[in-house]
Amino acid sequence: MGFFLFTSLELLLFALGSMVDFKDKKQVNILASLMFVIMFAFAGLRGSGDADYYNYLWFVKDIGSDVTKLFDFTYPVEFAFRFFAILVNFFGISRQWVIVIMNLLSILPIAYVVIKESKNPFLSAIIFLPIFIQFDMQTSRTATAIGLGFMSAYMMVKNKYLLSILFFIFSVSFHKSAFIILPFIILLNFRIGNGFKLITVLIAFGVSIFSMSLFRLISRLVGAVGLSVISRKIDSYVFSGMFAFPMRIYDPRIIFGLMVFAFSIMYYTKDSFAKDSMNEASSKAMWYGLIVFLIFRASTAIAFRFGNFFTIYQVLFIPLIIDKARRIDKLGLFIIILSIIFFILPYALFLMNKAPAYDFFFTNANAIFSLTN
């Protein structure tokens, strides 16, 4: 019932935004903001999920006001989570506030950039749904890292280098997987031609064929230099753990990424955008994200987590190519819209159906118990 209500509200606002002839940008921004506010409300007030929700509450309880745990880098959750847990406990407020804070730090940067930069913020909100369902509603630390990493890129293209570095550090402090965006943030400062993009994607396809062997080699190398913790994690995610299964080369997420990348090099060159723009950044992300999916596909869990740090840029790029195709390529426009109807929306609905039943934290007996004991 919760997901049905949420989806209905989002689709209703999308339909309203698509049909109404707005008089000015301010009205567009208000309605688009409302779509993200609803997402934030559902995510921040959730009292259900797989183990992640209850684990978060337990960690907040376990950390308490013990400042020494803030600097215990062997603790299972990263520094920023520990910091906000101590803050919540210091003020004596509900542990639910940690969930609220994480989802605010995830959704607010994405909403801000979308409203300022997107050709169609209503469509951008719909495109965001699969990531929102997978991360904000299920694994909020990664969601926060994705949102803050997105803001780091935005600050980089705006030449606000210090803020970009700070947002990157903040992102990593919520989840170490955010390190995957560091090369991308650096590459935002360089022009990259389509020829180079195509060659590197073909190389990534070649590497992906031997991805299991590559991970086995990396595991042995890091183990040999004393990084046994990383070696064990690779083994758990790639070879022997419950998440150890590869992403197929024909996985719909790879196929969709390949399609969007193809449109990016069909429609644009390295000189199509202003150098310091999110349009250029989103085009680069279609290339870089596809490479990440391919290289790390030996583990679906790793490829899926790393890849979504770049899938998020589809919220800007897909409305951009639709705007372009509308003027120059009717067949391309048809294919793009068809892909949204038959991939993004069904994928979001599939994830909602697969996710645990939604409950607000104040209506779920298990959540109330976890919050008060």
Side-chain angles (χ1 to χ4, degrees), residues 1-18 29-57 60 81 84 88 93-115 118 121-148 150-151 174-175 308 311-312 314-315 344-371:
M1 179 62 184
F3 279 121
F4 175 78
L5 175 61
F6 166 75
T7 307
S8 299
L9 287 172
E10 291 294 331
L11 291 178
L12 177 63
L13 289 173
F14 170 70
L16 185 62
S18 301
N29 292 348
I30 291 172
L31 189 60
S33 297
L34 183 57
M35 295 182 74
F36 287 101
V37 167
I38 290 171
M39 291 182 194
F40 167 65
F42 270 80
L45 300 179
R46 73 183 175 105
S48 57
D50 288 328
D52 84 294
Y53 174 78
Y54 299 103
N55 283 341
Y56 291 150
L57 298 184
V60 177
F81 183 97
F84 284 111
V88 163
I93 56 179
S94 171
R95 295 194 284 271
Q96 183 72 22
W97 273 101
V98 169
I99 306 296
V100 173
I101 290 167
M102 286 194 292
N103 284 290
L104 180 65
L105 292 174
S106 166
I107 296 169
L108 184 60
I110 293 166
Y112 177 80
V113 175
V114 161
I115 289 169
S118 177
F122 310 117
L123 179 58
S124 293
I126 296 298
I127 294 167
F128 176 52
L129 284 179
I131 293 179
F132 172 78
I133 298 300
Q134 291 171 98
F135 292 101
D136 290 272
M137 298 293 278
Q138 299 188 52
T139 172
S140 298
R141 285 188 302 127
T142 307
T144 307
I146 290 172
L148 294 171
F150 192 55
M151 182 59 81
F174 267 102
H175 207 286
N308 278 290
T311 303
I312 186 62
Q314 289 176 3
V315 300
I344 291 179
L345 283 176
Y347 187 32
L349 294 173
F350 166 78
L351 292 168
M352 291 179 200
N353 183 62
K354 188 178 177 183
Y358 181 87
D359 283 301
F360 291 108
F361 76 89
F362 48 81
T363 63
N364 185 347
N366 289 329
I368 293 170
F369 178 82
S370 297
L371 287 164

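Looking only at side-chain heavy atoms (C-beta outward), E10 and I38 come within less than 4.5 Å of each other. Two residues are said to be in side-chain contact when any heavy atoms from C-beta on lie closer than 4.5 Å; I110 and M151 fail this criterion. When side chains are defined from C-beta on, N103 does not count as touching F42, because their heavy atoms never get closer than 4.5 Å. Looking at F150 and V315, their side chains come closer than 4.5 Å, going by heavy atoms from C-beta outward. The side-chain heavy atoms of L105 and F84, taken from C-beta on, include a pair separated by under 4.5 Å. Using a 4.5 Å heavy-atom cutoff, the side chains of L16 and L31 are in contact. N308 is listed as a side-chain neighbour of F135, based on a closest heavy-atom distance under 4.5 Å. At a threshold of 4.5 Å between non-hydrogen side-chain atoms, the residues S94 and L371 count as touching.
Residue I131 holds its CD1 atom at 7.0 Å from CD of Q314, rounded to the nearest 0.5 Å. To the nearest 0.5 Å, atoms OG1 (T311) and CD1 (I127) are separated by 11.5 Å. Interatomic distance, CZ of R95 versus OG of S370, reported as 8.0 Å (0.5 Å rounding). From H175, atom NE2 reaches atom CG of L148 across 13.0 Å, with rounding to the nearest 0.5 Å. Here OG of S33 is found 11.0 Å from CG of L13. Values are rounded to the nearest 0.5 Å.
Between S106 and D136, the shortest heavy-atom contact is OG-OD1, 2.7 Å. Shortest non-hydrogen contact noted between M39 and A125 is CE-O, 3.3 Å. Between F122 and A32, the closest heavy-atom pair is CE2-N, 3.6 Å. The two residues I133 and Q138 have their closest heavy-atom pair at O-NE2, 3.2 Å. Smallest separation of non-hydrogen atoms from A43 and I99: O-CG2, 3.7 Å. Of all non-hydrogen atoms in G147 and P109, the two that sit nearest each other are O-CB, 3.4 Å.
In this structure, S140 contributes its side chain and M102 its backbone to no donor-acceptor pair below 3.5 Å. At least one donor-acceptor pair under 3.5 Å links the side chain of Y56 to the backbone N or O of R141. Here the side chain of N364 pairs no donor or acceptor atom with the backbone of D359 at under 3.5 angstrom. Of the possible donor and acceptor atoms, one in the side chain of Q96 sits under 3.5 Å from a partner among the backbone N and O of R46. Distance alone, capped at 3.5 Å, is enough to place a donor-acceptor pair between the T363 side chain and the F360 backbone.
In the model, D52 has no side-chain atom that pairs as donor or acceptor with a side-chain atom of T139 under 3.5 Å.
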Query - Evaluation steps, side chain to side chain contact (heavy atoms under 4.5 Å, CB included), between F81 and V60 - result: CA-CA 9 Å; F81 183 97; V60 177; 3.9 Å; yes
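Relative orientation of the F36 and F128 rings is tilted, given thresholds of 30° and 60° on the angle between their planes.
Taking the ring centroids of F6 and F132, they lie under the 6.0 Å cut-off.
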